[in-house]
Amino acid sequence: MNIIDIINKTKRAKPLSEEEIRWLVNGYVSGEIADPQMSAWLMAVCLNGLSDENTVALTLAMRDSGDVLDISGIGRVTADKHSTGGVGDKTSLIIGPAAAACGIAVPKMSGRGLGHTGGTIDKLESIPGFRTELHFAEFSSIVNKTGFSIISQSGDLCPADKKMYALRSSTATVDSIPLICASVMSKKLAMNADCLVLDVKCGSGAFMKNQEDAGKLAKLMERVGSGAGKKCRAVVTDMDQPLGCCIGNALEVREAVEILRGERKGRLYELCLDLTAEMLALAGKGDITACRTMAQEAVGSGRALEVLRETIRLQGGDARVCDDTSLLPQAEYTYDVRATEEVRLESVNCEELGMASLLLGAGRLTKDAPIDMSAGIVMHHEVGDLISADDCIMTLHSSVCSDFSEAARRATGAVELVKFRPNYT
Ligand code: URA
């Protein structure tokens, strides 16, 4: 086998054999295949696609590049949820505790934010003291106690994805359906939960910008997951506006806690109930309607908040944030963006809003850049809302940037406002 033949085949849209795909992945992890060669192959996949059979083979080869966890010691049915990335998506902080409060276990491994999208690990690390790098024994002991734990991606899990994802980020080869599928599913299969719910984001803040592509990715992920023996369900959900009102690490933890305290409802709350219900139904807890009621009860009764509180405590964090969110990092500076006349919020470019939040310090452009946990944006309105003159559209938060002009310009450019004209009859 040789790499030139493999690149040429994919360049000419010819299928590879399973052996060729394993050889490619293993060769890249061992260093035998160099970055420029892997980049060329990834670009060929971006341009020509990959057959479903080859995508399955790529996913399994990537999964097998490192450890596959043995979580059979966790004494409950295990379920995992993955979102393909978006802006303001803090669903894992709500769904994990809610599902655990309903009797299943949610052992989760999550990533950090890159570019305009946030990462669950960064959000959790905004809680003072919270540790995300745990040994497997401690992780599974926490899952056994509370039903829920989240840790960062360990070095031994899917090294192929770690290396390939970094290369894709720097070679404009992220937005490919088979590559996203293989990247996400290899990690999920290495985590090895019994049930998988995949939340494929669609819209301006997502990798998939239209329903057709999002639907294709969802179907492909279900096929790969089921083919690997998992109970698997993929749903397509909206990312044409931020999920909830907060973007930014500590701000998003605050919003998740407020949802679990029953203080907030709306799109984020409803989506969390839907996804929790999908996990519970896959885990055999009942039909989808009964499972949604169960999830609602877990949040409404405060049992889900108790799971989060105990998990934070066991992972070394200050669990008092569940009662007093002012203990989370607070921005030194804030800036209100106000409407100059009466307008309707017509649309939001989520990616641009995510970039504005990054400029405030909430995200990173390079893998190891530091972030300001207090930074971000609070939206005071949703798409379709009428906003009066001088009303606040959004508030920008930062501790590292006292000059808001660039971030405010970007954030204002991300919202389309149309002058409100009343319809007299
Ligand atoms: N998230 C991942 O883990 N991988 C991708 O390729 C895209 C989103």
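Positions are given from 1, in the same order as the sequence printed here. Both counts, for ligands and for their atoms, begin at 1 and track the order of listing.
Looking at heavy atoms from C-beta onward, I6 lies in side-chain contact with W23 at the 4.5 angstrom threshold. Under the 4.5 Å side-chain criterion, counting only non-hydrogen atoms from C-beta, N26 is not in contact with V29.
Side-chain atoms of T325 and E258 form no donor-acceptor pair, as typed in the model, at a separation below 3.5 Å. Looking only at atom types and distance, the side chain of H380 has a donor-acceptor partner in the side chain of T395 under 3.5 Å away.
Between H82 and ligand 1, no pair of N/O atoms sits closer than 3.5 Å. For ligand 1, the polar-atom distance check finds an N/O of S183 within less than 3.5 Å of one of the ligand's N/O atoms.
For the pair N249 (side chain) and A362 (backbone), a donor-acceptor distance under 3.5 Å is present. Not a single donor-acceptor pair under 3.5 Å links the side chain of S226 to the backbone N or O of R223.
What sits closest to atom 1 (N) of ligand 1 on the protein, heavy atoms only, is V184 CG2, 3.9 Å. Atom 5 (C) of ligand 1 has as its closest protein heavy atom Y165 CE1, 3.3 Å. In terms of protein heavy atoms, atom 3 (O) of ligand 1 is closest to K187 NZ, 2.5 Å. Atom 8 (C) of ligand 1 has F207 CE1, 3.6 Å as its closest protein atom, hydrogens excluded (heavy atom only).
The closest approach between V174 and ligand 1 stays at or above 4.0 Å for every heavy atom of the residue.
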